[in-house]
Every structure is written in structure tokens, then in C-alpha cells.
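All values below come from the heavy atoms of this structure, side chains included, with hydrogens, waters and symmetry mates left out.
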Amino acid sequence: MAFQRASATMIGVWIVVLMVLSKGLSSSGVVSDNSTIPAFVNIGVLYSFNTSVGRMVKTAVQAAVDDVNFDQSILANTKLKASLQEDTKYRGFLSIAEALQLMATQTVAIIGPQTSTTAHVISHIANELQVPLLSFTATDPTLSSLQFPFFIRTAFSDIYEMTAIADFVNYFGWREVIAVYGDDDHGRNGIGALGDKLAERRCKISFKAPMTPETTREEITDVLVQVALAESRVIVLHTSTAWGPKVLSVAKSLGMMENGYVWITTTFLSTWLDIGSPLSSDATDDMQGVITLRMYIPDSERKRWFFSRWKNLTTGKTANGSQGLSTYGIFAYDTVYALAHALDAFFKQGNQITFSRDPKLSQLRGDNMHLDAVKIFNEGKLLRKYIYEVNMTGVSGLFKYTSDGNLVNPAYEIINVIGTGTRRVGYWSNYTGLSIVPPEALYSKPPNRSSASQKLLPVLWPGETTHRPRGWVFPNNGRMLKIGVPKRVSYREFVSQVQGTDMFKGFCIDVFLSAVNLLPYAVPYKFVSYGDGDSNPSNTELVRLITAGVFDAAVGDITITTERTKMVDFTQPYIESGLVVVASVKKTDSNAWAFLTPFTPMMWTVTAVFFLLVGAVVWILEHRLNDDFRGPPKQQMVTILWFSFSTMFFAHRENTVSTLGRFVLLIWLFVVLIINSSYTASLTSILTVQQLSSPVKGIESLISSKEPIGYLQGSFTRTYLIDEIGIDESRLVPLKTPEETTEALKKGPQKGGVAAYVDERAYIELFLSSRCDYSIVGQEFTRNGWGFAFPRDSPLAVDLSTAILELAENGDLQRIHDKWLLSSACLSQGAKLEVDRLNLRSFWGLYLVCGLACVLALLIYFIQTMRQYSKHGPEELESSGHGSGSSRLRTFLTFVDEKEEIVKSRSKRKKMEGISYRSTSEVGSSITFNKAYSQASLNRIDSVNEI
């Protein structure tokens with residue numbers, strides 16, 4: 001920092017000036033050459049003992065020195081001698097002079113100083129003289145740097161306190177805080193550390209309100225008035241016990257301790273409360289609901305003993321009886337013990353305490369300057385090493401340093417001021433973050449910093465409410481939010497400006513207004529148009545103007561993209577809208593052979609084969625048992641074919657007798673059922689659903705082609721197609737309005753138009769609602785949504801997201817959608833019925849097949865009939881005795897009308913009768929001949945007889 005750099009460059013001059021103050025100081029120490037352990041060791045204590053903290057520290061240090069000198073296990077042969085030096089101003093020039101007075105008494109270490117400002121300055125002197133500074137109240141985190149090797153902090157650094165505050169802010173979901181602090185090293189560096197820790201959690205300090213270290217009530221009032229006009233209501237107060245309570249008192253008088261405010265103070269307030277305890281109601285009335293931190297001291301037997309002893313040490317020293325004890329008093333006690341342990345280890349290793357003149361100071365010696373008393377502690381680096389190696393259990397718990405020079409296990413109590421006392425709402429530790437159990441109970445477990453593990457008890461906030469404050473309000477400065485609204489020339493149903501006014505309307509506007517109405521607070525805003533009205537403005541540029549401070553927010557058809565989320569925060573999407581491809585389509589009617597389409601040729605072939613196979617298998621299984629499956633080979637072939645294909649319609653008449661036959665038939669009938677159902681469903685879809693065809697199949701076909709592609713001018717589609725899809729820029733054609741889009745698609749690429757149009761689904765649904773010759777082809781190839789844009793970490797974005805979700809849950813979002821975007825379909829009801837009706841074109845193939853089958857069967861039947869007639873017809877004519885044409889026709893028709901069996905039986909009977917007649921005639925002739933022969937014989941016999 002600038003202040004530190006100035007201090008470093010001026011330190012040489014300061015030393016010269018300050019050495020003058022050493023004139024007349026007694027040179028009580030000489031360079032020690034003793035070979036034995038000294039009888040006493042000088043340590044200095046630099047504090048402002050006229051302050052409440054200084055008085056407490058003085059008591060604690062003196063008690064610790066007495067205890068060390070009494071304890072024979074530590075420094076058995078050496079006593080500590082504490083030189084108390086009053087730091088009258090505890091900052092600035094005089095503090096440096098007072099530090100030099102201590103160093104002139106050959107002190108091996110100084111406990112102090114009280115403030116970080118003084119520590120920054122005298123640490124340069126400590127570096128030169130190699131005298132360790134041990135401070136538990138100078139908690140500025142920058143003092144831990146390598147610039148101050150002899151500064152040793154014996155309490156927790158402010159870096160941990162600021163981390164605890166950042167975790168507390170993040171736990172309650174606040175994103176911005178206001179920092180009120182003293183404008184010195186302690187305040188500036190502490191708030192700087194807070195800003196870093198908040199940034200790690202995506203939070204920030206929105207307003208800094210510094211005050212001079214010796215501020216007045218009037219100055220405090222002026223600063224807090226500015227704070228009250230700011231947006232954030234989460235205030236972090238980082239100052240000292242000297243004037244920190246004054247700030248809270250002024251805040252109370254200004255009405256800044258009411259509902260909605262959050263006050264978080266650093267350890268100064270818990271120190272002030274602990275030292276002044278018990279406090280009256282008047283003293284704590286100004287800080288009700290305030291959150292403060294206290295360095296955590298684990299409960300132990302030694303801690304309880306020390307509190308008991310403290311009462312005995314301080315009884316009667318104050319009007320309230322005993323003096324209050326804060327954590328600084330405990331760390332003061334442990335600091336003396338830690339130094340005693342380091343000295344004990346130092347002496348046990350055979351080391352001696354020696355001092356020598358500084359050759360650099362010798363060069364500054366003059367007649368009027370007496371610098372002999374200020375000497376270098378030769379073993380200062382070695383003592384510093386032993387201090388960092390201390391490992392003891394003190395009143396504050398485990399006292400041990402880490403490799404970075406900080407105490408182990410930093411932890412804080414989170415205190416809520418209620419009534420005349422305080423209530424602990426939780427703990428913070430560097431190990432596990434926020435918790436409601438003591439940190440030492442978690443050290444044996446694996447560290448867990450997940451959000452689910454962070455817990456606190458309920459807090460009573462200012463205004464006596466347990467409801468979590470929102471943490472921000474709109475600035476009370478009369479300024480309204482400037483909300484940028486794109487001035488569109490197309491798809492004005494989404495957003496458009498009312499002609500001649502500064503008002504806007506549309507789907508996006510109605511959603512925003514409905515969401516704002518659900519907020520529990522008023523939002524002052526005004527809409528400001530963005531765009532020239534001749535072309536669609538770039539929403540990306542509109543979002544960028546938010547980061548530039550031109551607009552406070554943006555409302556409209558703004559797509560949430562990766563590029564834009566890097567600039568602003570978006571609300572919850574209120575409509576889903578990914579990119580789709582639109583192209584010209586033609587209706588495809590089903591043809592005469594549509595009934596073959598449900599199955600592929602392979603499916604038809606396999607199905608037919610299985611019909612024959614199952615018929616053959618059933619015939620084999622039934623042949624020896626079932627008469628229905630027996631007979632001549634020709635009849636059996638017909639039976640197999642008939643049985644197989646009749647199962648398609650479950651019309652088989654043959655009974656199955658064998659168990660195996662029934663099993664096979666059962667499985668086959670189930671298969672046939674599935675095939676029939678699938679065929680019926682597929683054919684129904686083919687015949688009833690409107691079939692559309694387009695040469696463009698989707699984004700893939702556009703990538704592989706070289707034809708021009710249209711997009712909505714001003715949208716992010718162009719950037720996406722070029723950067724993400726890899727389409728050449730020369731192929732992209734910007735289109736402003738739906739009419740231009742329709743004309744370009746109608747022309748096609750051959751006539752100077754486009755092959756397809758790429759845009760967001762929300763626009764396309766509105767576009768297609770009145771244009772039936774176009775349709776979405778392919779799949780939606782991005783997943784985006786529209787949201788309202790706000791500056792990064794804006795709390796309004798979070799609240800509006802909650803309101804949008806509420807709109808979606810109660811149905812209002814859908815009603816707004818239907819109001820603006822539910823247009824009439826491009827097809828009338830009559831046209832739709834026309835689509836649903838089936839016409840002859842889809843079935844004439846079936847009728848043709850059936851007709852051909854009928855003709856073929858009749859032809860075969862006619863040939864068979866003619867053959868029968870030619871065989872049996874002449875007999876009919878002969879029997880009728882007529883030979884005219886009409887007689888022949890009547891005879892033929894009579895022949896056809898008769899049952900085939902009757903004709904065949906009659907013809908057979910006539911044949912038999914003919915055969916019988918011929919046989920009778922032959923028999924009659926034979927009898928006549930026989931009779932004549934016999935008669936002749938008889939005549940011959942008679943003739944013979946006569947003779």
C-alpha cells in the first residue's frame with residue numbers, strides 16, 4: 001500500500017529524528033559477557049494502559065509474569081522483569097519514541113503494540129534491532145508478510161475473521177455488503193482482506209465508508225447518511241473499541257437499526273461487551289440484533305480456573321465489582337507464558353543474551369545525539385525461532401504456530417446481541433466453516449465445507465425479527481432503474497413499443513410486469529427503447545450496455561447464451577426456445593401399394609416362410625393322429641397351405657389333437673396377434689397421418705450442403721452457426737421480417753432465396769401458425785431459454801427468478817403465453833377433416849388384387865365348367881331332343897346351375913344305363929338264337945324220330 005511504501009522510504013529519516021529522544025536515557029545495560037544464566041530478563045510491554053483494553057492487558061500480563069516467576073518448571077533460575085511503557089497515543093510519532101525507550105533498557109522482547117498502525121512503524125525498528133514484537137491486538141493481516149520478520153502475532157489474524165464474515169454473508173445468500181471502517185492500516189487492510197474473501201464467494205463490497213481514526217459524531221453521521229442512501233443493507237463495521245459503539249449509537253438515531261438492516265461487527269464489539277459486562281439496557285439498546293465475532297477459546301479446566309482467578313484479581317477495581325475479561329486478556333496471559341517457554345528453551349540450549357552496537361547507527365552519531373543506549377539484540381533471531389517452536393496448552397487452548405506464522409486452529413464464536421446480553425448462534429473455524437457444535441468436536445473428523453454442512457442457529461435481527469433480511473433495497477436517491485427494451489421490427493407479439501408513447505407491450509413485457517407485481521417491495525423503473533426501429537437490434541450489444549452502466553437491466557426476447565452469461569446475470573428462463581430449421585415441405589399422399597409399406601420386403605418374406613413352416617410342422621405333428629390331416633398327397637398340400645394362412649385371421653377349422661401340435665399353434669397364434677396388431681397400427685399411421693417431405697432433413701443436411709441459409713437479423717443465430725456449427729459466413733442471409741422469410745423460402749436457392757431458415761423455436765411457432773407450406777425439419781439442436789438480464793450479482797435477478805417460478809406454478813405464465821402466442825392454426829377445421837378422411841387412392845391396389853383374384857378364380861372355374869359341359873352337355877341335348885341355339889343356351893345354363901355332383905351322378909347313371917341296355921340286348925339275341933337252335937334241334941330230333 002502507498003502508506004506502507006512511504007513508511008519504508010522514510011524509516012531512515014524517522015530513526016534519526018527519534019534517536020534524539022533517546023538523549024539522557026540511562027544506559028543501564030552493558031554487553032553481557034556472563035557465562036551463566038542471568039538472574040532476570042527484561043521484557044517490555046507497550047500498551048495504552050488508560051484504555052479499557054490496556055487496563056485489562058496490564059492486569060493479565062502482571063498476573064502471567066507473577067505465575068511464571070513462581071513456577072519453578074519454567075525459567076527456574078531466571079525471573080521475568082516486565083517494563084510497562086505507556087503508549088499515550090497508541091499510534092504515530094510518540095508511540096515510536098516510547099518503543100525506543102523500551103529497547104534502550106536491553107529488553108529481549110516487547111509485548112505490544114496495541115494497534116496495527118503502531119506495529120507497522122515500530123516493526124521496522126524491531127527488524128533493525130532484532131527485538132521480537134509479540135502482539136495479540138495488532139491483527140492486521142499484512143503484518144504477517146516477510147517485510148516484518150520480527151513481528152509475531154499471538155492471536156488470530158484478521159484474515160480468518162474476514163473469512164468468517166464472508167462465510168456468514170454467503171450463508172444467508174447476500175451478495176453485496178457495505179464496509180464502514182477506520183481509515184488506518186488496521187481498517188484498510190482488514191477490509192481489503194474482506195473484499196478478497198467475498199470475491200471468492202462471488203460477493204463484493206458495494207460501498208466503502210472510511211472514517212478518520214479520531215472521528216467525531218458529526219463525521220459519523222455524515223458517513224452513515226451516505227450508507228443509508230446505498231442499495232445494500234448488510235453493513236460490516238470494522239473499527240476499534242474506542243469509537244465503534246459510537247457508530248452504532250448514531251445508526252440507531254438515524255433509524256438504521258430497524259427491520260431490514262444487517263449489522264456485522266468485528267471483534268471490537270465482543271471485546272467491548274466482555275470488558276464492560278454486565279452492561280445496562282441503555283448501553284446495549286443501540287445494538288440490538290447486531291452480529292459480532294469473538295475469538296473462540298475452548299472450554300477447559302484451565303480456562304475456568306483463570307476466570308475464577310480473574311475475579312479475585314480485579315475485584316474492587318471497578319464500580320461494577322470485578323473488571324471484565326475478554327479474549328485479549330486470555331491471549332495476553334498466554335503470550336507471556338509462550339515467551340517464557342521460548343526463553344526456557346533458549347537457555348537450556350546454552351545460549352546467552354548479548355547486545356552490541358549497531359554499526360549503522362554509529363554513522364549517524366554526532367555531538368548532540370546519544371545513541372549508545374540503543375543496541376542490537378544479538379540472539380534475537382534465535383529467540384524468534386524458539387518462539388515459533390512453542391507447543392503448549394495455555395488458557396486459550398493449544399498454543400502452536402503453523403509454518404506460515406499463524407496460530408493453529410483459528411476459530412470464532414458468532415454472537416448475537418439480544419437484550420442486555422449476547423447469544424451464541426454458532427461457530428466458525430478454518431477447518432469446517434460454520435457449525436453449531438464446538439470446533440474441537442470436528443477436528444477429529446474429515447473437513448467438510450459443503451453448503452449442506454454449514455449451519456447456524458436462528459438469529460434475532462435488528463427490528464426484533466427472526467425473518468432473514470433481504471439485505472438490499474433500491475437506493476433511496478430518487479433514481480429509477482433504466483431498463484433497456486429492444487425495439488423490434490418483427491415478431492412484435494413478444495415485445496413492441498406502443499406507437500407515440502414510451503410504453504411497451506407484448507409477451508415479454510407482461511411476464512416482467514407480472515413477476516414484478518409478485519415482489520414484496522416496490523421497484524422504481526422506466527423502460528428505455530434500444531434500436532432504430534428499422535432493423536432488429538443486437539441483444540448481445542444490449543446486454544453489453546448493462547456492463548457499461550448505460551442500462552440497469554434488459555427486458556425482452558433475450559436468449560441466455562454462454563457469451564452473455566459472462567457479462568450479466570439472467571433470471572430463471574420464462575420460455576424455452578432452442579434453434580430449429582424451417583424449410584418448404586410438400587404433402588405426400590399414400591399410394592395404391594401403401595398396404596405393403598408397414599413391412600419391409602424381408603419382413604414379408606420371413607412372415608410368409610414362417611406361415612408355411614408352422615403349417616408343415618403342425619401337419620407333421622398331427623398327421624398320424626388327426627383325420628383332418630390325412631388323405632391323398634394333393635389334398636394334404638392344400639390342407640397345409642390353407643391351415644397356415646388361415647391362422648392369420650384365426651379362421652382355421654382343423655382341430656389339433658396332439659399336445660405338441662397345440663403347443664406350437666398356441667405360440668404361433670400369439671406371434672400372429674402381435675404381427676397383426678403392429679401391421680394395423682403402422683398402416684393406420686401411414687394412411688391417416690399427414691406425410692410431409694422436404695429436401696432438407698435438418699441441420700446435418702445444411703452443414704453438408706452449400707446452399708444459402710436464412711436467419712433472423714439481430715439474433716445470436718448468426719454467431720452460433722459460424723462459431724459453433726462451422727457454416728461459412730457467405731452462406732448466411734439476414735432476414736428482418738416473417739414476410740421476407742416467406743419470400744426467401746418460396747424462391748428457394750435457385751431463384752435467389754434460401755434453402756432453409758434457422759431461428760429460435762418461439763419465433764418459429766409464431767411463424768408457422770399461419771404458413772402451412774413450411775415446417776420444422778429435423779431435431780432442435782440447441783437448448784436455450786429467454787430471461788431478463790441484470791448486472792452481475794444483482795439481488796433483483798434472484799428475486800425475479802423466484803417470482804417467475806411462482807408464475808409458472810400458478811398457471812399465470814401459461815395464460816400470458818396463450819394471450820399473446822396462441823394463434824389460430826393454418827388449417828381450417830374442414831381442411832383438417834379432409835386430411836383425416838381416407839380416399840380411394842390409398843386402397844385401389846387392394847381392390848385390384850382382390851379383383852384379379854376374383855377374375856382368375858372365375859376364369860379357372862369357367863374353364864373347368866366348359867370342360868364338364870363339353871363332356872356332359874351333348875347327353876343333355878340328346879335327352880332334351882332339341883338342337884336349336886336357344887335350347888343349347890338353356891341347357892348350358894341349366895347345366896351350370898345344377899350342382900356338380902348331380903350332373904356327375906346323372907351322367908354316371910346314364911352311362912350305367914347305356915351299359916345295362918347293351919348287355920340286355922346281347923342277352924336277348926343270345927336267347928333267341930338259343931331258342932331257334934333248340935327248336936331246330938328239336939325239329940331235327942322230331943325228324944329223326946319220324947324217320
Side-chain angles (χ1 to χ4, degrees), residues 48-60 114 137 180 182 211 214-221 224 235-259 261-297 304 306-330 332 412-425 457-466:
S48 180
F49 299 118
N50 61 349
T51 64
S52 58
V53 174
R55 288 189 291 270
M56 177 189 64
V57 169
K58 179 179 179 180
T59 303
Q114 183 168 339
T137 53
V180 180
M211 300 181 184
E214 287 148 358
T215 185
T216 63
R217 191 175 181 89
E218 289 74 17
E219 182 183 353
I220 295 174
T221 301
L224 291 186
I235 304 171
V236 177
L237 180 59
H238 179 50
T239 180
S240 66
T241 56
W243 56 274
K246 294 180 183 178
V247 176
L248 300 177
S249 176
V250 174
K252 173 72 173 180
S253 64
L254 294 176
M256 299 176 66
M257 284 291 174
E258 298 176 355
N259 190 6
Y261 280 91
V262 177
W263 283 86
I264 305 172
T265 71
T266 51
T267 53
F268 81 85
L269 183 58
S270 62
T271 300
W272 185 80
L273 293 171
D274 291 339
I275 294 176
S277 179
L279 296 171
S280 64
S281 59
D282 293 338
T284 59
D285 185 57
D286 297 334
M287 54 192 70
Q288 293 299 303
V290 173
I291 294 294
T292 184
L293 273 66
R294 176 195 291 146
M295 287 185 286
Y296 176 64
I297 307 296
R304 290 190 290 271
F306 187 75
F307 270 88
S308 176
R309 186 177 178 215
W310 184 262
K311 291 182 180 180
N312 297 330
L313 289 173
T314 60
T315 299
K317 292 187 178 182
T318 63
N320 295 331
S322 61
Q323 183 182 4
L325 175 64
S326 75
T327 53
Y328 287 135
I330 296 176
Y412 290 86
E413 295 178 82
I414 301 176
I415 306 300
N416 189 194
V417 180
I418 301 175
T420 58
T422 60
R423 173 176 173 265
R424 182 173 55 233
V425 296
L457 296 175
V459 177
L460 183 65
W461 305 102
E464 298 183 356
T465 177
T466 57

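Evaluated for a side chain to side chain contact (heavy atoms under 4.5 Å, CB included) with M256, the options V247, L224, V250 yield exactly one hit, L224.
In terms of modelled atom types and a separation under 3.5 Å, the side chain of T465 and the main chain of W461 share no donor-acceptor contact. Q288 contributes a side-chain N or O that, together with a main-chain N or O of G419, makes up a donor-acceptor pair within less than 3.5 Å. Panel note: side chain W243, backbone G182; no donor-acceptor pair is recorded below 3.5 Å. Looking only at distances, a side-chain donor or acceptor of T292 sits under 3.5 Å from a matching main-chain atom of T266. Between the T221 side chain and the R217 main chain, a donor and an acceptor come within less than 3.5 Å of each other. Checked by atom type and distance alone, the side chain of R423 never pairs as donor or acceptor with a backbone atom of V417 at under 3.5 Å. Without hydrogens or angle criteria, S326 side chain to I275 main chain gives no donor-acceptor distance under 3.5 Å.
Contact annotation: the side chain of M257 never approaches that of D286 to less than 4.5 Å [non-hydrogen atoms, C-beta and beyond]. The shortest distance between side-chain heavy atoms of R294 and T422 falls below 4.5 Å. Side-chain contact check for W272 versus L279: some heavy-atom pair is nearer than 4.5 Å. Annotation: side chain of M287 is not in contact with side chain of T265 (no heavy-atom distance under 4.5 Å). Annotation: side chain of F307 is in contact with side chain of I330 (closest heavy-atom distance under 4.5 Å). The shortest side-chain heavy-atom distance between L269 and L248 falls under the 4.5 Å cut-off. Residues T215 and K246 are not in side-chain contact: their nearest non-hydrogen atoms beyond the backbone lie 4.5 Å or more apart.
Nearest heavy atom pair, residue G54 against residue T51, reads N-OG1, 3.0 Å. For A332 against V57, the heavy-atom pair with the smallest separation is CB-CG1, 4.3 Å. Residue D274 comes nearest to L325 through the heavy atom pair CB-O, 3.6 Å, listed as atom of the first residue, atom of the second, then distance. A60 approaches G329 most closely through the heavy-atom pair CB-O, 3.4 Å. Counting all heavy atoms, side chain and backbone alike, G289 lies closest to P462 at O-CD, 3.4 Å.
From M211, atom CE reaches atom OG1 of T216 across 10.0 Å, with rounding to the nearest 0.5 Å. The distance from the OG atom of S277 to the CD atom of Q323 is 12.0 Å, given to the nearest 0.5 Å. Going from atom CZ of F268 over to atom OG1 of T241 covers 8.5 Å, rounded to the nearest 0.5 Å. Going from atom CD1 of I414 over to atom OG of S270 covers 12.0 Å, rounded to the nearest 0.5 Å. Rounded to the nearest 0.5 Å, atoms CZ (F49) and OG1 (T59) are 10.0 Å apart. Between atom CG of residue L313 and atom CH2 of residue W310 there is a gap of 7.0 Å, rounded to the nearest 0.5 Å.
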Criterion side-chain contact (heavy atoms from CB on, under 4.5 Å) on I291 and V262, from CA distance to verdict: CA-CA 8 Å; I291 294 294; V262 177; 5.7 Å; no
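Counting non-hydrogen atoms of neighbouring residues, nucleotides and ligands closer than 6.0 angstrom, the CD atom of E219 exceeds 12 such neighbours.
For the residue pair T267 and Y328, a side-chain donor N or O sits within less than 3.5 Å of a side-chain acceptor on the partner.
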